[in-house]
Participant: 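Below is one structure. I have some questions about it.
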There are 8 protein chains.
Amino acid sequence: MDESALRALLEEVRAGSVSSDDAVSRLRDMPYENLGFARIDHHRNLRTGFPEVIYCPGKTVEQIVAISERLASNSHKVLATRISDEAAQALTARFPGAELRTPARIMVVPGDRPAPEPTDALCYVLVVCAGTADIPVAEEAAVTAAEMGSRVERLFDVGVAGLHRLLDQMPLLTGAAAIVVVAGMEGALASVVGGLVRSPVVAVPTSVGYGASFGGVSALLTMLNSCAAGVAVMNIDNGFGAGYFAHVVVRAAHA
Amino acid sequence: MDESALRALLEEVRAGSVSSDDAVSRLRDMPYENLGFARIDHHRNLRTGFPEVIYCPGKTVEQIVAISERLASNSHKVLATRISDEAAQALTARFPGAELRTPARIMVVPGDRPAPEPTDALCYVLVVCAGTADIPVAEEAAVTAAEMGSRVERLFDVGVAGLHRLLDQMPLLTGAAAIVVVAGMEGALASVVGGLVRSPVVAVPTSVGYGASFGGVSALLTMLNSCAAGVAVMNIDNGFGAGYFAHVVVRAAHA
Amino acid sequence: MDESALRALLEEVRAGSVSSDDAVSRLRDMPYENLGFARIDHHRNLRTGFPEVIYCPGKTVEQIVAISERLASNSHKVLATRISDEAAQALTARFPGAELRTPARIMVVPGDRPAPEPTDALCYVLVVCAGTADIPVAEEAAVTAAEMGSRVERLFDVGVAGLHRLLDQMPLLTGAAAIVVVAGMEGALASVVGGLVRSPVVAVPTSVGYGASFGGVSALLTMLNSCAAGVAVMNIDNGFGAGYFAHVVVRAAHA
Amino acid sequence: MDESALRALLEEVRAGSVSSDDAVSRLRDMPYENLGFARIDHHRNLRTGFPEVIYCPGKTVEQIVAISERLASNSHKVLATRISDEAAQALTARFPGAELRTPARIMVVPGDRPAPEPTDALCYVLVVCAGTADIPVAEEAAVTAAEMGSRVERLFDVGVAGLHRLLDQMPLLTGAAAIVVVAGMEGALASVVGGLVRSPVVAVPTSVGYGASFGGVSALLTMLNSCAAGVAVMNIDNGFGAGYFAHVVVRAAHA
Amino acid sequence: MDESALRALLEEVRAGSVSSDDAVSRLRDMPYENLGFARIDHHRNLRTGFPEVIYCPGKTVEQIVAISERLASNSHKVLATRISDEAAQALTARFPGAELRTPARIMVVPGDRPAPEPTDALCYVLVVCAGTADIPVAEEAAVTAAEMGSRVERLFDVGVAGLHRLLDQMPLLTGAAAIVVVAGMEGALASVVGGLVRSPVVAVPTSVGYGASFGGVSALLTMLNSCAAGVAVMNIDNGFGAGYFAHVVVRAAHA
Amino acid sequence: MDESALRALLEEVRAGSVSSDDAVSRLRDMPYENLGFARIDHHRNLRTGFPEVIYCPGKTVEQIVAISERLASNSHKVLATRISDEAAQALTARFPGAELRTPARIMVVPGDRPAPEPTDALCYVLVVCAGTADIPVAEEAAVTAAEMGSRVERLFDVGVAGLHRLLDQMPLLTGAAAIVVVAGMEGALASVVGGLVRSPVVAVPTSVGYGASFGGVSALLTMLNSCAAGVAVMNIDNGFGAGYFAHVVVRAAHA
Amino acid sequence: MDESALRALLEEVRAGSVSSDDAVSRLRDMPYENLGFARIDHHRNLRTGFPEVIYCPGKTVEQIVAISERLASNSHKVLATRISDEAAQALTARFPGAELRTPARIMVVPGDRPAPEPTDALCYVLVVCAGTADIPVAEEAAVTAAEMGSRVERLFDVGVAGLHRLLDQMPLLTGAAAIVVVAGMEGALASVVGGLVRSPVVAVPTSVGYGASFGGVSALLTMLNSCAAGVAVMNIDNGFGAGYFAHVVVRAAHA
Amino acid sequence: MDESALRALLEEVRAGSVSSDDAVSRLRDMPYENLGFARIDHHRNLRTGFPEVIYCPGKTVEQIVAISERLASNSHKVLATRISDEAAQALTARFPGAELRTPARIMVVPGDRPAPEPTDALCYVLVVCAGTADIPVAEEAAVTAAEMGSRVERLFDVGVAGLHRLLDQMPLLTGAAAIVVVAGMEGALASVVGGLVRSPVVAVPTSVGYGASFGGVSALLTMLNSCAAGVAVMNIDNGFGAGYFAHVVVRAAHA
């Protein structure tokens, strides 16, 4: 709740057009809707520029459908990440336009509001991944950024053990407004990319690997210790967060 | 080494104005200078937009002075981070214009090149920290971003245990083009800030704390698990990286 | 075994009404019943104010039923936590009044003894949780406190990434005699709540999350490092312990 | 900021006795005082029942003195924990009535406000510790609870390897309204005490120990895994937090 | 290979009754039998007092049967620990006298050699466990010690949260020649027992528990940090090792 | 891309036989083939002496088949490690000569190129493992080294708890040109072997074990701390890497 | 407090020779002496066979002297482990017969009671260590066992990287009644020794080492995972505990 | 002790020229010399090709001098690693030819035996390090390999964040017979180098770094997870081990 909104409301109170009881009530009830098991943050769209996204694990199919209905009824586009097959089928049955993006495992239900105007073709998010097994997380980032309105390019399977595969894509790398680097066994890729470009790099460790990869911890540490300035890190497997972050950067650059 | 530079050089070779021996030699020798114990990357300014920064720990005073001299002789501004008192005195003696920023522990030696034009006053990096003990890292971020050319604002000691101290600064928060959140014992601050703003948030855990803070690991984990989208994380105590990253985002938005 | 009980027994010995052999025997045999695989602590009700609760994992269905029978035959109310479907069915078949509380996974078999008089309506335990996926643990806490005799209120899905959902429930928060905060990905919630209220806060990390949440360790560490005084922490997913602790605090305040 | 305060302020705005500009201003400025390096939360006394306490590590002597002066100028009692000798001397020089409690390392500067009326003599916090080396943390808890207004009893060096030392103090244990258990090498003490009493137990692991004690982690884990219901845990060495928590429980029981 | 055996062999070589080639050969081939996938150590019986025991996980059913056959053909009693149902059925089919001990999951195939004479009835191993869920590991210890020839007593479900269940068994505790303490959530039990008795205590952490029990690590650390002298620790869930160790101690005391 | 290749290409450009556009293109496209989900590094054979090997986990059956086809079409021998049954069947159906090596779980598809001449019979890789359960990883190492062209010997089930099983194989140990030591519960074996031989030892920890073996971490740490010089370590379960490394050493010695 | 003592006391009560008040009092006061900061367990000698030992870290010099005085005044021999130079000087000044054992860092103050009769010369504790840097811990074990009354032999610097140094001491190894194995970088030594002997082996990891030795954790894990049956483990650097444990085993064997 | 030596000795015994007592004695005493605190392995030179090296930490100056004297008296070259200034001065005083190599911190005392013939100039060990702060460990590797007889080349400060510094040294990289890669914050360097060359790569993580570098653990994990085949890993900071290993590989290739 920002200062100007508060000030406007207070002016109304002072002018007598709003009672103080109403003001308290409005301040409390406006921004979300309480389903008991979830409080849907309809205000998030105004506050952060994008409606709430449903993170599916730990929610029942019924809960996912109910939240989707409430979001959709407010005309929001619905994004449901890491969705199970069962929940995907339920959403498909409920929303004819719903579409499951694989291998990202993101369900997209189009909203009534017009899509954000796509960013300039020259201003794109580049999603890079080190190995084939990292593609699902990379796609989660790519689909997220694209659904939010960014142009997205992909560069997959360019691990540092075969460096030439990366180096011959320099124009694609240096042209990006923001880069997402996704890697499990080759966390080093974030450092290498970070040293080659001017734009911000968002690194996403994946849980791909075995033995001392420790479910992504090794890649996470490698990325956190990157000596290349301009690299920031997301939680393990958090493709959604990286795509979101990259879009936010590109949106700012585009605006 | 980007494609256009390679192409230009190859054209010169083809035109006969450059021999292939010279070309090989130029490709090899151009971008850096070898001091034996260090290879100074003079090319970084072109590649990433800012000259190499000296990370002092593990380098002898003599090495720090020598690297500074080589950078300065190329007219670069010199930034030396986490500098010891002894090395700071040596640099002050060697470079009359050198200045030590405390409590950031960054030595700044101005270069001959004109400073980058400051960004628009409406486009600023905001550095937020949770507690008084987090200030040195927050200042490292603030000084870095400022020396690189960003306008910087500060908001210190606004931990989540006294939330009103943060909430009454909403205009400062929502107006920032990028936000650095620095916290040791209150890693939660990154989530809270991330939920209030539209701009990207760079979270820096600090090693401040005791017991189960594990030298910053707890804050790091808290930040990585943030549910607020738009938050990315740096290594523990890496104020420099956060300031650099925030500047890169603001520069893009400003450009 | 407290001093007064010992003193009384010794007096009987001295008076000759109890032989020393009998005294030794009574001291040894009185407080529990040995089933071989379990020693049921019938004395716990007197010592700590509530009968033994059955923690089901690792016990066979037969063992759970047998322990329930022994507790019930002493007129105790039986609580069996984290019960499997199979064991729940067996208890339902054996005890007509048994009831399974979902999603808490607690089986309740009413005892013959009159229920404890409910606490004053003004004196309640508030159970808060950050996300929908945290509800099973939150319900374990709520059901436990309620079955022990506390009035319980619930406030679910109020994570810090959408702070207004929490802040507009201030009266509910400040009115509670004890608060249980349950969170997996948003361990920060305990700090935020702790900074807003006067009453003791019991924080329960959950194993909800992915990547660097490490099965609840991140939330646990966040909670342990809370800067808000008045916050204490339970084991990961230990909703039972939190509900019990909160009830103990409320009972004391009520008494 | 609770609902009734907001409502009162809004009424004044509505009545015209406060302008909306003033209201915004008051909402923003009232609760704390900004020293630049610190934002002193004068409002905390109302919100949580006790003024802000100064955690000294990471603060300069100048900062500690400045914060103390601002708190004292508001008539608050000042508590400064884990204070260095140097800072203690500075406070002693500045505040004639200041007193250093050893081995708790807490500096107490009495405030002008009358002390809270002591709790009933029958309603006390009991601080138990396992070994002699745990005493500094135990004293931090004891001094904190006492300064906040609780009656405090101590029971030191009663580790479980010599159980009779604990068992013969049953009346002291069962009579306490809240118990703080402090232990480094013998985290088991919390379980044992928790199984003997009805009142809530706050367990504090200490960093005392060697080898696989891992700076208190072993004791922390032991305490978190306690099978005795009614035990909650604080951060390693957090005697202050435990004393504060125990006082809050006792205050509620006393009220 | 001990000195006297070497000396005897050398004497034979010197006497000419054994050629040096034969001696080398004998030294190499005598002590075990090579099945390719396993080298069965027939010499272990002489060296350590008990034949090789088959640890089943990671071995195929065929391998387990083959090793059992080779051991049995040397008249050894066969013990196969942590055996799967499938392997147990195969051994039962192959060896008529084979018997599966549950819940210890140890298969016993009696050998032709006469059983070791049982130890004196007054000289027994006591196996103590904290909770019902710890019984499988406790039984692994008990069956192992008994099969090796020790008299074994059991004392189950005597966790420290109900201390009287343990204390009234003092004669059983103080009379044991060696004690095995098995506990998952109540690692503290080893310290408590260790402080009550004169005999050596072998502590076995179990993987029973949840949350911060970390698969037995918490119990392991608790036991390693025991302040009671006379306590040594085995690997998590290593009931076999504890039973073996306790028998070795008792055998020495008996001899 | 090495200097001489670059120099040659530049000469062609200079001679006019290659245009600079072609040169750029050739530099970029030559070394690999882009399938979208994978970039097959056909150049690796020249650069490192062996074609790319397919690490199967995380790849779909379709992807594994497609990569195999592209490698085979370049006449390379195909090695696919840790292959699932399903993928193995698909490769067998597609490539008549394909053969699954168990228990190594490596699929081998012979290529058209003549096999590398086997190394001298006197120059062999020895693969040693500690226990029967370590055999799958040991076989992965053995098959890899053999397929690459090394002669391989095996020495299995020679754990340090029965040292004579190892010591009587001294000639086999001292004769090897490189030794791979594979162990899970007996990481110590690498130290023991390392102290007995002159040749390099590559140690591979396995995830075999239970409790405090932590999925191979204990063996990994034991091996890293080996006091025997001449021992280097691979990732947990990385039999492929160890076989590859040992072959590289032997190839050098053989050349 | 064992059953027979309780029974005797009860008999006296019954006979009227002891009042119940006296009995309560005696039960409470007898076994220890309360110094406020320490409760000296004079009863431990009867209960566990050896008086309390002073673990010095975390105790002040004054506390160490005071506890020593109380123990000595009860005629106990005083052992103070890990003593600082300052405390050692204070004890030497106070007790003329006190003697500091280096490098074990144990102070011994002889008591008035006659020394326990030494064990049979044929029945000894063997203390083995892997490297020179492990000697202080090994000596702590050796001095402890010797002061308690065991005959002790030493075998130092016999790490597994030079196995022959160990193997040629087979008679010393096989003759011991109990063996303490002390190792930091070569935790494997415990497995090797355990596989060679019949007697119980107590393994002590030391914090000697660097890098991935993690202050003794690697050695600890190696020892816990030992495949040699008959090996139990102590806390890191706990030479005292190992010496105590070994003595207890030998005493039993000797009795 | 290898088979042929044993066989020869046995032949002497058989021939009567050696008594069996003498044989036992010779087998036991020959290979090392017992100083009590250390057993010097004079036999190691024959067994592994290089005399014992003194690892100084944990040894007193007196012990280091004594061991050096014994090694020198057998004409061995003495290498003392990680030596303190104090011990270095003592060795310099004792051995006129002794020389301290900085920054490797290795003391070299030349032996009487002729130096091993240097390897072919075309066959060299290349030591690569990522940053200036990694140089001490890199030098430990370089000095070790050189003192053992390898030709050594150095390539320092070539971290992946400025990849061109590495790539323009391709001839030096591809020409090496073995490569040591030393890195703390840029563990990725091992992967990058491994992907560029045919020769074996020995990776050494260093403890250089801060925050989530965890004293070298991050670099260690990065290196263990390298996707480049042909990379093996040493303990953190173990420059000695890497130099030794690389020499062993080169010696084999040279032989």
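Quick caveat, the model's predicted, so the values are computed rather than measured. Every chain is numbered from 1 and lettered A, B, ... according to where its sequence line falls, protein lines coming before strand lines.
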Participant: At what distance, to the nearest 0.5 angstrom, does CE of E/Met185 lie from OG1 of D/Thr222?
Facilitator: 13.5 Å
Participant: For a side-chain contact (heavy atoms from CB on, under 4.5 Å) with E/Val160, tell me which candidate from D/Val192, D/Leu196, D/Val160, D/Leu163 qualifies.
Facilitator: D/Val192
Participant: Side chain, backbone, both or neither: which part of E/Phe214 has a heavy atom under 4.5 Å from chain D?
Facilitator: side chain
Participant: With chain D, which of E/Ser213, E/Ala228, E/Gly187 has the greatest number of heavy-atom pairs at distances under 4.5 Å?
Facilitator: E/Ser213
Participant: Identify the heavy atoms of E/Asn225 and D/Ala212 that sit nearest to each other, and give their distance.
Facilitator: ND2-O, 2.9 Å
